[in-house]
Amino acid sequence: MGMELYHLLNRGVDKRKIVLDDHDRVRFVHDLFAFNSTASSLNFEQPERQLEQHRAHERLVDIHAFCLMGNHYHLLVSEVIERGISLFMQKLNMGYSKYFNERHGRTGALWQGRFKKIRISRDAHFLYIPYYIHLNPLDLAMPEWRDGKVKNASRALNFLRAYRWSSHLDYIGEKNFPSITRRDFLSDIFQTRKMYEKEIANIICTSSLAGSSVLIE
């Protein structure tokens, strides 16, 4: 691989929820876009200004895939500028935490410490990580996917299509949050929607990822 890919994740302190409703979910996804900018201002009060500034400034990272869950999130990124990941994650975690605490009348840390950053260095890891990120929502309905024991692949794929809070829909050609991700790199690997969904079905129905280094919680 020419670029260096990183799997980033963080969860709520004490595994508490980091989103309580769709308003929070929309805000977090919005922040993925708004704070991915070299604009120096951490303008947490007016994220709309960040959207305007974003168009005139360079991205910090390319986000290739993401998934937001109830108490954690996953990102697959590559750096656009030096220290881009650190700068982006500082802005994202601080900005969203400030919003969340103010909206829900709480104080204190929202996150369980510093985010985890895992370099995707091995081929097997690289090939599975985009699917793994997009499959996380199945924990809500078919947790057996992690052991490759899903009996009804069509039901699983329908569930994933109904889950808005990831980049999965954009990868199957259904515009959801297309401005968040840079999809060219992974799309070349997935090749077609049919092949992408076929591989997902293979993973959840016949392949066990249990114990694999791709499963980083």
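For the single chain, residues carry numbers from 1 onward in sequence order.
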Peer 1: Using 4.0 Å as the upper bound for N to carboxylate O, is an ion pair formed by Lys175 and Asp170?
Peer 2: no
Peer 1: Run the side chain to side chain donor-acceptor pair (under 3.5 Å) test on Asn136 and His74 for me, step by step, so that the C-alpha distance in whole Å, both residues' side-chain angles and the decisive distance to 0.1 Å come before the verdict.
Peer 2: CA-CA 9 Å; Asn136 258 252; His74 294 269; 3.2 Å; yes
Peer 1: If you take all heavy atoms of Ile120 and Leu76, which pair is closest and at what distance?
Peer 2: CG1-CD1, 4.1 Å
Peer 1: How long is the straight-line distance from SG of Cys205 back to NZ of Lys151, given to the nearest 0.5 Å?
Peer 2: 8.5 Å
Peer 1: Salt-bridged, Asp21 to Arg103, with N to O below 4.0 Å?
Peer 2: yes
Peer 1: Return the set of residues passing side chain to side chain contact (heavy atoms under 4.5 Å, CB included) with Arg114 (not counting sequence neighbours), or none when no residue passes.
Peer 2: Ser86
Peer 1: Is there a path of hydrophobic side-chain contacts, each under 4.5 Å between heavy atoms, that joins Val13 and Phe115?
Peer 2: no
Peer 1: Can you name the closest pair of heavy atoms from Met142 and Asn152 and give their distance?
Peer 2: CE-O, 4.2 Å
Peer 1: With no hydrogens and no angle check, is any side-chain donor or acceptor of Glu79 less than 3.5 Å from a backbone partner on Ile85?
Peer 2: yes
Peer 1: Please name all residues satisfying side-chain hydrogen bond (donor to acceptor under 3.5 Å, both in side chains) with His134, sequence neighbours left out, ordered by chain then number.
Peer 2: Ser167, Tyr196
Peer 1: What distance separates Ile200 CD1 from Met195 CE, expressed to the nearest 0.5 Å?
Peer 2: 13.0 Å
Peer 1: Can you find a heavy atom in the side chain of Val29 that is under 4.5 Å from one in the side chain of Phe66?
Peer 2: yes
Peer 1: Excluding sequence neighbours, so at least two apart, what forms side chain to side chain contact (heavy atoms under 4.5 Å, CB included) with Asp188?
Peer 2: none
Peer 1: Are any non-hydrogen side-chain atoms of Phe88 and Arg59 less than 4.5 angstrom apart?
Peer 2: no
Peer 1: Ignoring hydrogens, what is the shortest heavy-atom contact between Met69 and Ile18? Give both atom names and the distance.
Peer 2: O-CG1, 4.2 Å
Peer 1: Step through the shown structure and confirm whether more than 12 heavy atoms of other residues, nucleotides or ligands are within 6.0 Å of CZ on Arg16.
Peer 2: yes
Peer 1: Please check if the side chain of Glu58 supplies one atom and the backbone of Thr38 the other of a donor-acceptor pair under 3.5 Å.
Peer 2: no
Peer 1: For His168, is there any backbone N or O sitting under 3.5 Å from a side-chain donor or acceptor partner on Ser166?
Peer 2: yes
Peer 1: Measuring from atom CD of Glu102 to atom OG1 of Thr107, what distance do you get when rounded to the nearest 0.5 angstrom?
Peer 2: 12.0 Å
Peer 1: What's the shortest heavy-atom distance between Ala156 and Val150, and which atoms?
Peer 2: CB-CG1, 4.2 Å
Peer 1: Tabulate below the donor-acceptor pairs under 3.5 Å that side-chain atoms of residues 158-165 make, not counting sequence neighbours, or state none.
Peer 2:
| residue | atom | partner | partner atom | Å |
| --- | --- | --- | --- | --- |
| Asn158 | OD1 | Arg161 | NH2 | 2.4 |
| Asn158 | ND2 | Ser154 | O | 3.3 |
| Arg161 | NH1 | Glu197 | OE2 | 3.1 |
| Tyr163 | OH | Leu68 | O | 2.4 |
| Arg164 | NE | Asn176 | OD1 | 3.3 |

Peer 1: Please walk me through it: do Tyr96 and Asp24 pass side-chain contact (heavy atoms from CB on, under 4.5 Å)?
Peer 2: CA-CA 9 Å; Tyr96 182 77; Asp24 289 347; 3.5 Å; yes
Peer 1: Can you list everything that forms a side chain to side chain contact (heavy atoms under 4.5 Å, CB included) with Lys15? Sequence neighbours excluded, please.
Peer 2: Arg11, Asn71, Gln112
Peer 1: Which atom names give the shortest non-hydrogen contact between Phe100 and Lys17, and what distance separates them?
Peer 2: CZ-O, 3.9 Å
Peer 1: Please report the closest heavy-atom contact between Ser179 and Phe33, naming both atoms and the distance.
Peer 2: O-CD1, 3.5 Å
Peer 1: Side chain of Asn101, backbone of Gly108: donor and acceptor closer than 3.5 Å?
Peer 2: yes
Peer 1: With Tyr171 as reference, evaluate Phe190, Tyr131, Phe177 under the ring-ring contact (aromatic ring centres under 6.0 Å, His included) test and give the passing residue.
Peer 2: Phe190
Peer 1: Counting only heavy atoms not in Asp14, do more than 12 sit closer than 6.0 Å to its CG atom?
Peer 2: no
Peer 1: Suppose we screen for side chain to side chain contact (heavy atoms under 4.5 Å, CB included). Which residues come up paired with Ser78, at least two apart in sequence or across chains?
Peer 2: Met3, Leu5, Asp62, His64
Peer 1: Around atom CZ of Arg25, are there more than 12 heavy atoms from other residues, nucleotides or ligands closer than 6.0 Å?
Peer 2: yes
Peer 1: Applying ring pair (Phe, Tyr, Trp, His ring centres under 6.0 Å) to Phe28 and Tyr73, what does each step give before you reach the verdict?
Peer 2: CA-CA 10 Å; Phe28 183 88; Tyr73 63 82; 5.1 Å; yes
Peer 1: Side chains of Met89 and Leu8, heavy atoms from C-beta outward: is any pair under 4.5 Å?
Peer 2: yes
Peer 1: Are any of the side-chain heavy atoms of Val80 and Leu60 separated by less than 4.5 Å?
Peer 2: no
Peer 1: Test side chain to side chain donor-acceptor pair (under 3.5 Å) on Arg183 and Thr181 and set out the steps.
Peer 2: CA-CA 6 Å; Arg183 296 180 298 282; Thr181 49; 2.8 Å; yes
Peer 1: Do Asn36 side-chain atoms and Val61 backbone N/O form a donor-acceptor pair below 3.5 Å?
Peer 2: yes
Peer 1: Rounded to the nearest 0.5 Å, how far does NE2 of His72 lie from SG of Cys67?
Peer 2: 6.5 Å
Peer 1: Any side-chain heavy atom of Leu75 sitting closer than 4.5 Å to one from Leu9?
Peer 2: no
Peer 1: Measuring from Tyr6:OH to Lys117:NZ, what's the distance to the nearest 0.5 Å?
Peer 2: 5.0 Å
Peer 1: What distance separates Ile133 CD1 from Tyr128 OH, expressed to the nearest 0.5 Å?
Peer 2: 15.0 Å
Peer 1: Checking Asn93 against Ser97: is there a side-chain donor and acceptor pair closer than 3.5 Å?
Peer 2: no
Peer 1: Starting from the C-alpha separation in whole Å, work towards a yes-or-no answer on side chain to side chain donor-acceptor pair (under 3.5 Å) for Asp31 and Tyr99.
Peer 2: CA-CA 10 Å; Asp31 284 357; Tyr99 149 81; over 6 Å; no
